[in-house]
Every structure is written in structure tokens, then in C-alpha cells.
*Asks:* 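One structure, pasted below without further comment.
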Amino acid sequence: MSQTPPRPVRVRFAPSPTGYLHIGNARAALFNWLFARKYKGVFILRVEDTDQKRYVADAEQDCQDSLRWLGLNWDEGPDVGGSYGPYRQSERSELYRQWAGWLLDNGYAYRCNCTPERLAELRAQQEKSGAKRGYDRHCRDLDLGDDIGPHVVRFKMPLDGETMVDDMIRGPIVYQNADLEDLVLLKSDGLPTYHLANVVDDHLMSISHILRGDDWIATAPLHVQLYKAFGWEMPPIAHLPMILSPSGKGKLSKRDQAFEESGVKILVQVREYRQAGYLPEAVINFLTNVGWAFGDDREIFTPEEAMARFEIEDINPAGSKLPFEKLIWLNNQYIQMTAPDALAEKIKPYLEAAGLVVDMDKLRAITPYIQERLKLLSEAPEWLAFLFKHEITINDPKQLLQKKMDAESTLKALKASYDTLKGLDDFSHEKQEETMRALAVQMGLSAGQLFGTVRVATSGQPVSPPLFQSMAVLGKDVSLKRIQDAIRMLEDMDD
RNA sequence: GCCCCCAUCGUCUAGAGGCCCAGGACGUGGCCCUCUCAAGGCCAAAACGGGGGUUCGAAUCCCCCUGGGGGUACCA
């Protein structure tokens, strides 16, 4: 248990709109959000759109949609405003130019007009000769004059001494300044790199704690030095562990789209989880337990319960692969916990997407019986299409045959079922089951044999929701008609 | 190559010197239940990467090695 932070908590999630919201970024957002909510702080969405080359037009919208879907609402951001705006870096470029100028004026940075060609050549040489890589500081002490053409602004990294990054999760990390580089702060297009923008914004927006991806750890000393140069106090910082690819090769964020790995679908974008039929509550619960653990041996909990226990210091520094099989299990658990009528509403769009015309009364009636069977909402059509289609098709009459049964005995069973069911005034599943069980006994068939063939006859599938509940929803007329059709089919086959 | 981070069952994790011949969950196997498929119940197999220290005592602390990961861009 750690103490309440000394100052008002203001944390930010700062995605770059270069692609749709990535599940790894979503987890970073989640941890920030959990922390902000726990301490009654402010959760800020800041769009880091300073990379014009990789900009994707609808990425920002997708990011917002995905965060909202997950329930990670922000208090300040490009759409909702706030008193520290603007929240889109492209709208703050004048600010970065000013602060870059300040660094220049005060001797903390320098202009560099090395061409991309020279830089590429330099790199090639370094690689060939095995020398240390990175910019050779060619322009650092040059007097370039006023008219130097396209140029960047680089940070003047101290040449000796050391820089310490005090990570909340890992403790102090010490770098030798001699190993560090003079990285670019302002690009030749006048826009800042992450390094400059991030430090300027975090300070100007009064960010109290920085929670960001592990991949920033290597450039953290630059950020420390920038704060120092500006004379600003650096907020406590924590680097969140990476989400690794299940293939065991690299970080997951190198992949930008769903792929399959030994039979398991690996989803990468948050929107893919939504499409696949995961419940946002399940995804949140799942993500919370990767890199951090609820403790108490509990696997299922609400965000509020997680907040009560969440501490940055408890985050596991090791990277992890997403345990997808656990997510599927969790999703089913959440589906089971959902109130049936509410679940029916959630299922509906997936049925419609499959081209079915949904009768809500039927759907509500059957939902309680597929709840424990449904792993993903997107599987609903497989389970329920037969209820909403006028016609079902049985491709091969042999599918009607159950184990140890031939066409003749199946025909007999179907005819007897037909007569039995037809005689029922009460078509409730209880009544059906009672009489059909008696019929099975009477015919010397197992329940599995008799019910199985009726199942295929009425649903067209060997696997379906419970038979009598299904027929009750289907209605007596339709059920009987389908059995009748199956009987004809068998008779035709039997020539 | 150089710098940095990390290391408990297949996977996600609990464990902050004795409570651990290491606990939970998913997955896997078996049994039970059962109209199919599920769900549910019970049981089982399954891990402290290796080597040195420190200590009465190490999964827990230190060092080395190995392995994995990140960075090395006018991308974030």
C-alpha cells in the first residue's frame, strides 16, 4: 500500500493517430485511467499527431470510439475541451517552436542541417565498421550562420557524467551520458518530435505522473535532461511493461492487425475485439490482470474493485503475452453474468449482421438457454439462425441418423415423435420433454438417440440449444413441419 | 555492435529471507452430471533458466552466464 500522491493526480493517455487503437495502448490507457480514478484525479486524452507521414485520417476517431466502448472516459481532451488545451499537438506547434527557441538561446540545443543522405551514409559506415551508431554531432559546435536551409534542432546532450531515471516500477536506472545521443527535438517541417512535445505538454498540462510504454525507457534520460534544461520539475514516471506477441517474437505492437497463431485468433486492435463479440467489461477485466494482479486469487472483478487495490508500484516489470484462452473463458463468464434480456439486446446486432430478421420475443425466450454456451457474441448466429430462418436445409439426410440407428429406425422415431408432439396441447418444453422421454422408453431408444434426430430435423444442426426449449420457441407448427420435411427427406433417400 | 530493461507451471500470475518439497486462474488430461454442445462439480499432471556467492536459512538479496525484450529515425 502506498500513500496518496502529494499533488492532484493528472495523468494522460497520449496516442498517436497512426493507426487504430492498439490493445497494448488500450492497456496503457486503462492503467492511467485506473490510477486517475482511484485518486479522484483527472484523466486526459492528448492526441500526438506530429507525424505527418504516418498520419491516418480516421485513427483519432477510432481511438475515441474504442476508449469509450471500453468505458475509459476522459475528463479533458480534444473533443471535451479543458483548461489546458488545445489537446491536439498539431494545434500547439507554435508552443514547441518557442520552447525550442528558448533551448537554442540558452545553449541547450543547436541547429543541424545535415542532410538525410549524409545521415544515411553515416549510419551505413557505422554499421560496416562496427562503430557506435548514432549522430556524430557534426553540427554541434559549428557556426552555421543565418541562412542554413532546411534544418532540425537537436538537443545538446551532456558529454560526460550520468543521468538517472527513477522509475516507479523498477527503481533507479542510471545512464552514462557518453552513451547518449543528440536527438532531434524539432524536425525540419517545424513540428516537434515526441521528445520535445511530450516534455513541453506534460509540464504545461501539469501532468502529475507519467505512465507510458516500456519502449520509451531508452529515451527517458533525454527527457530527464530536457526537464533539467528547462528548469522544470519532472513528474514521477513509470514505464509499463510491453505486451509481447504470442509467437514469442517481439512486441505485439509491431503487428497492427489480427492474425492467427496455432489455432488461436490473436486480436490486435480494440475494434477487432468489439467485432469479434467480446464484452468490453470482459476485455477490461482481462487487461487489468496482465502486468498487474488483483491478488486474493480473484480473477473476476469490477474496475471499481481494481481501483481500490491498484498501485503503480505493484505493476510487474516483465513483459507478457496476452493469454487469449483466458479472455475467451472470461468473456463467457461475463456473458453468463449478464441479465438475459440485456444479453438479448447485445446479441441482436450480431444476428442482424448475419442477415437474419430478428424476432425479439423469440430471442429473449431462447437467450437464457444459450448463455452458458456462448463464448463470443459473434457466435450467436451459429446457435440461433434456425429460429429466425423460414427454411432450414439439411444437406445430407444421413445427418438425421443417430449412433446405432439406420434410416428405417430413424424414420420410425421421427414419425412417432411427430404424432406425439402433434397430440400436445401444451407445447411447453416441460410437457414436451415429459412425453418425449416416455416415448423414448417406449421405443427402446436412448434419449440421446431420439432427441438427437429430432434436433437435426428441427434445427438442421447436430449441435443446438436444448431441444425442447428450442422447439417451444420455434412453435408447434414450425416444429412439426420441419419434422415432416425430415421424414419426407428420409423416405426419398430410402428408395 | 553499443546502451537499457526483464526472467516462477504451456500461458497470465501470487510470492517483497523462514508461513513454499511454491498458491490461484486459463488451457490440458481423467471422472461425475447430461438430450447435443456447453456450463457446473471433483481429481490430476505441470514452474522458481544455469552457476557462483551472502545467510543458521533464499523463488525472494548480490555477481556472472544464458535466454527473452526494447532502443539505437527529421516515428511515436
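Convention: sequence-line order gives letters A, B, ...; per-chain numbering from 1. Only a predicted model underlies this, so the values are computations on that prediction, with no experimental measurement involved.
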*Asks:* Generate the contact string for nucleotides 26-35 of chain B. Rules: B means base contact, S means sugar-phosphate contact only, - means no protein heavy atom under 4.0 Å.
*Replies:* SS-------B

*Asks:* State plainly whether the residues A:Glu121 and A:Arg118 are in salt-bridge range, i.e. N to O under 4.0 Å.
*Replies:* no

*Asks:* Charged N to carboxylate O below 4.0 Å: is that the case for A:Lys326 and A:Glu299?
*Replies:* yes

*Asks:* Roughly, in whole Å, what's the span from CG in A:Leu287 to P in B:C12?
*Replies:* 14 Å

*Asks:* RNA chain B: A:Lys132 or A:Val290, which has the more 5' nearest nucleotide?
*Replies:* A:Lys132

*Asks:* What's A:Gly130 touching, base or sugar-phosphate or nothing? Going by heavy atoms closer than 4.0 Å.
*Replies:* sugar-phosphate

*Asks:* Can we say A:Arg123 and A:Asp136 salt-bridge, meaning some charged N sits less than 4.0 Å from an Asp/Glu carboxylate O?
*Replies:* no

*Asks:* Taking the same atom, P, in B:A16 and in B:A59, what whole-Å distance lies between them?
*Replies:* 13 Å

*Asks:* In whole angstrom, what separates A:Asp179's CG from B:C4's C1'?
*Replies:* 10 Å

*Asks:* Taking pairing as Watson-Crick or G-U wobble with both contacts under 3.5 Å, can you name the mate of B:A7, or confirm there isn't one?
*Replies:* B:U66

*Asks:* With a 4.0 Å cut-off on N to O distance, would you call A:Asp182 and A:Lys156 a salt bridge?
*Replies:* no

*Asks:* Considering every strand shown, what is the Watson-Crick or G-U wobble mate of B:G17 when both distances are under 3.5 Å?
*Replies:* none

*Asks:* Applying the salt bridge (Lys or Arg N to Asp or Glu O under 4.0 Å) test to A:Asp201, which of A:Arg12, A:Arg46, A:Arg88 qualifies?
*Replies:* A:Arg46

*Asks:* Distance only, no hydrogens: is a donor on one side chain within 3.5 Å (strictly under) of an acceptor on the other, for A:Asp167 and A:His239?
*Replies:* yes

*Asks:* B:C21 and B:C32: how far apart are their C1' atoms, nearest whole angstrom?
*Replies:* 31 Å

*Asks:* Check the distance between B:U36's C1' and A:Gln402's CD and give it to me in whole angstrom.
*Replies:* 8 Å

*Asks:* Using the C1' atoms only, state how far B:A47 lies from B:U11, rounded to an integer number of Å.
*Replies:* 12 Å

*Asks:* Quick test of your reading of the model: are A:Arg298 and A:Glu305 salt-bridged, counting only N-O distances below 4.0 Å?
*Replies:* yes

*Asks:* Regarding B:U13, can its base be found pairing with the side chain of A:Arg298 as donor and acceptor, where the two atoms are less than 3.5 Å apart?
*Replies:* no

*Asks:* Students often get this wrong, so: under 4.0 angstrom with heavy atoms, is A:Asn332 touching a base, only sugar-phosphate, or nothing?
*Replies:* sugar-phosphate

*Asks:* Rounded to whole Å, please give me the gap between CE in A:Met436 and P in B:U36.
*Replies:* 14 Å

*Asks:* Base, sugar-phosphate, or nothing: which does A:Gly291 touch, judged by heavy atoms less than 4.0 Å apart?
*Replies:* sugar-phosphate

*Asks:* What's the gap between B:C20 and B:A14 when it is taken at their C1' atoms, as a whole Å value?
*Replies:* 11 Å

*Asks:* Among the candidates B:C12, B:U13, B:C5, find the nucleotide nearest to the side-chain atoms of A:Lys321.
*Replies:* B:C12

*Asks:* What is the separation between atom CD on A:Glu162 and atom C1' on B:C4, rounded to the nearest whole Å?
*Replies:* 14 Å

*Asks:* More than 12 foreign heavy atoms under 6.0 Å from NZ of A:Lys431: is that the case here?
*Replies:* no

*Asks:* A:Ile266 CD1 to B:C12 C1': how many Å, rounded?
*Replies:* 13 Å

*Asks:* Would you call A:Lys132 and A:Asp179 a salt bridge, taking side-chain N to carboxylate O under 4.0 Å as the test?
*Replies:* no

*Asks:* Provide, to the nearest angstrom, the distance between the OH atom belonging to A:Tyr334 and the P atom belonging to B:A38.
*Replies:* 24 Å

*Asks:* Determine the Euclidean distance between corresponding P atoms of B:C65 and B:C4; express it in Å to zero decimal places.
*Replies:* 13 Å

*Asks:* Heavy-atom count around A:Asp396 CG within 6.0 Å, excluding the residue itself: above 12?
*Replies:* yes

*Asks:* Verify the ring-centre separation between A:Phe31 and A:Phe310: is it less than 6.0 angstrom?
*Replies:* yes

*Asks:* Which nucleotide, in any strand shown, forms a Watson-Crick or G-U wobble pair with B:C33, with both distances under 3.5 Å?
*Replies:* none

*Asks:* For each nucleotide in nucleotides 70-76 of chain B, reading 5' to 3', give B when a protein heavy atom comes within less than 4.0 Å of its base, S when such contact involves only the sugar-phosphate, and - otherwise.
*Replies:* SSSSBBB

*Asks:* Work out how far the P atom of B:U28 is from that of B:G71, and round it to whole angstrom.
*Replies:* 34 Å

*Asks:* Taking atom C1' of B:C6 as reference, at what distance in whole Å does atom CG of A:Leu244 sit?
*Replies:* 10 Å

*Asks:* Can you tell me, in whole Å, how much space there is between the C1' of B:G17 and that of B:C9?
*Replies:* 23 Å

*Asks:* Given the ring of A:Tyr135, does A:Arg137 sit roughly above its face, with NZ or CZ under 6.0 Å from the centre of the six-membered ring and within 45° of the axis?
*Replies:* no

*Asks:* Rounded to whole angstrom, note down the C1' distance from B:A46 over to B:G27.
*Replies:* 11 Å

*Asks:* Taking OP1 and OP2 of B:U36, is either one under 4.0 Å from a side-chain nitrogen or oxygen of A:Gln399?
*Replies:* no

*Asks:* Under a 3.5 Å cut-off for both distances, is B:C2 Watson-Crick or wobble paired, and to whom?
*Replies:* B:G71

*Asks:* For B:A59, what is the paired nucleotide under Watson-Crick or G-U wobble rules, both distances under 3.5 Å?
*Replies:* none

*Asks:* Judged by each residue's nearest nucleotide on RNA chain B, which is more toward the 5′ side, A:Gln336 or A:Glu299?
*Replies:* A:Glu299

